[in-house]
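Inspection log for the structure reproduced underneath, given as structure tokens.
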Amino acid sequence: ANNQISVKLVLLGEAAVGKSSLVLRFVSNDFEENKEPTIGAAFLTQRCTIGDKNIKFEIWDTAGQERFANLTPLYYRNAQAALVVYDITKPASFIKARHWVKELHEQAAKNIIIALVGNKYDLTLDSESGEEIEGARKVSRDEGQDLANEENLLFFETSAKTAFSVNDVFTTIGEKIPDA
Ligand code: GTP
Ligand code: MG
């Protein structure tokens, strides 16, 4: 079969957690050390084949800065999938992620697929030894997994910088999208 499927996907999360960097990694397999904040929102597309599905991701990358908060409902309202992103070295960003999950459950489509994404995994590892840097991680894997279990979310820890698990996020969502 040759299923052509479009998937409207939105990224939400506090400023500077790495939303745009995850998209840049997925779409261009690239990373920028000093990426500028998103103004309003950015739209990008990426095609990929998952099994017998030919998926076109239509990606709305929202701005995390508070001054754009009133715009975000426009982008998640008809989304079929959402990435709620936090930074595993920033506890406040995890609290913000909880709020986004709640808002999506109240306001977004009932069948929306939500992935909780703890980004910047690389910052918790020593780049030489690959061992955990003590104290670098501020949100435990269990805290993320527990929230995901409670709220029925997919859960990933990622690094846009090293590409760790970034494709997994999109591929898993693609697999979950019902065939046309
Ligand atoms: P807004 O658009 O303001 O909401 O921010 P954003 O969530 O899109 O964050 P952005 O992708 O612009 O990344 C913010 C900063 O974090 C940039 O300097 C990125 O280089 C850096 N960054 C993003 N992802 C990672 C990561 O996985 N690891 C590390 N070490 N830095 C990252
Ligand atoms: Mg951005």
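Counting starts at 1 for both ligands and their atoms, in listed order. Quick note: numbers below take in every heavy atom, side chains included, and nothing from hydrogens, waters or symmetry partners.
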Is there at least one pair of N or O atoms, one from [X] and one from ligand 1, spaced under 3.5 Å apart?
X	result
G64	yes
A160	yes
Y121	no
E32	yes
G18	yes
T158	no
N119	yes

Starting from [atom], locate the nearest protein heavy atom and write down its residue, its atom name and how far away it is, to 0.1 Å.
atom	result
atom 28 (N) of ligand 1	D122 OD1, 2.6 Å
atom 13 (O) of ligand 1	S21 OG, 3.6 Å
atom 21 (C) of ligand 1	K120 NZ, 4.0 Å
atom 6 (P) of ligand 1	K19 N, 3.5 Å
atom 5 (O) of ligand 1	A16 N, 2.9 Å
atom 18 (O) of ligand 1	E33 O, 2.8 Å
atom 12 (O) of ligand 1	K35 CB, 3.7 Å

Which heavy atom of [X] sits nearest a heavy atom of [Y], and at what distance?
X	Y	result
A41	W60	CB-CE3, 4.2 Å
S6	Q80	O-OE1, 3.5 Å
S165	T158	O-CG2, 3.9 Å

For the backbone of [Y] and the side chain of [X], can you confirm whether one donor and one acceptor N or O come within less than 3.5 Å of each other?
X	Y	value
T89	K138	no
S28	D30	no
T49	N54	no

Would a 4.5 Å heavy-atom cut-off, applied to side chains only, mark N119 and I88 as touching?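 A side-chain contact under 4.5 Å is absent here.
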
Below 4.5 Å, heavy atoms only, C-beta onward: do L83 and V10 meet side chain to side chain?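 Contact flag for L83/V10 side chains = no.
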
Quick one: CG on L123 to CD1 on I133, what's the gap to the nearest 0.5 Å?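 If I round to the nearest 0.5 Å, the distance is 7.5 Å.
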
When rounded to the nearest 0.5 angstrom, what distance separates CG in L147 from CG in D142? 12.5 Å

Heavy atom of F164 under 4.0 Å from ligand 1?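 In this structure, F164 fails to qualify as a contact of ligand 1 - no heavy atom is under 4.0 Å.
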
Examine T38 and say whether one of its N/O/S atoms is closer to the Mg ion (ligand 2) than 2.8 Å. yes

S20 N/O/S atom closer than 2.8 Å to the Mg ion (ligand 2): yes

List the steps and the verdict of salt bridge (charged side-chain N to carboxylate O under 4.0 Å, His left out) for E143 and R141. CA-CA 6 Å; E143 283 175 88; R141 202 185 154 82; over 6 Å; no

Using heavy atoms and a threshold below 4.0 Å, how should the contact between [X] and ligand 1 be classified: side chain, backbone, both, or neither?
X	result
T38	both
F31	side chain
V17	both

How far apart are the C-alpha atoms of D179 and K53, what are their side-chain angles, what is the distance that settles it, and do they pass the salt bridge (charged side-chain N to carboxylate O under 4.0 Å, His left out) test? CA-CA 8 Å; D179 284 25; K53 291 183 200 165; 3.7 Å; yes

Can you name the atoms of ligand 1, numbered from 1 with element, that are less than 4.0 Å from a heavy atom of [X]?
X	result
P37	2 (O), 3 (O)
L123	30 (N)
K161	26 (C), 27 (O), 28 (N), 30 (N)
S159	27 (O)

Taking 4.0 angstrom as the limit, do D61 and K19 come out as a salt bridge? no

Quick one: does NZ or CZ of K96 land under 6.0 Å from the six-membered ring centre of W100, within 45 degrees of the ring axis? yes

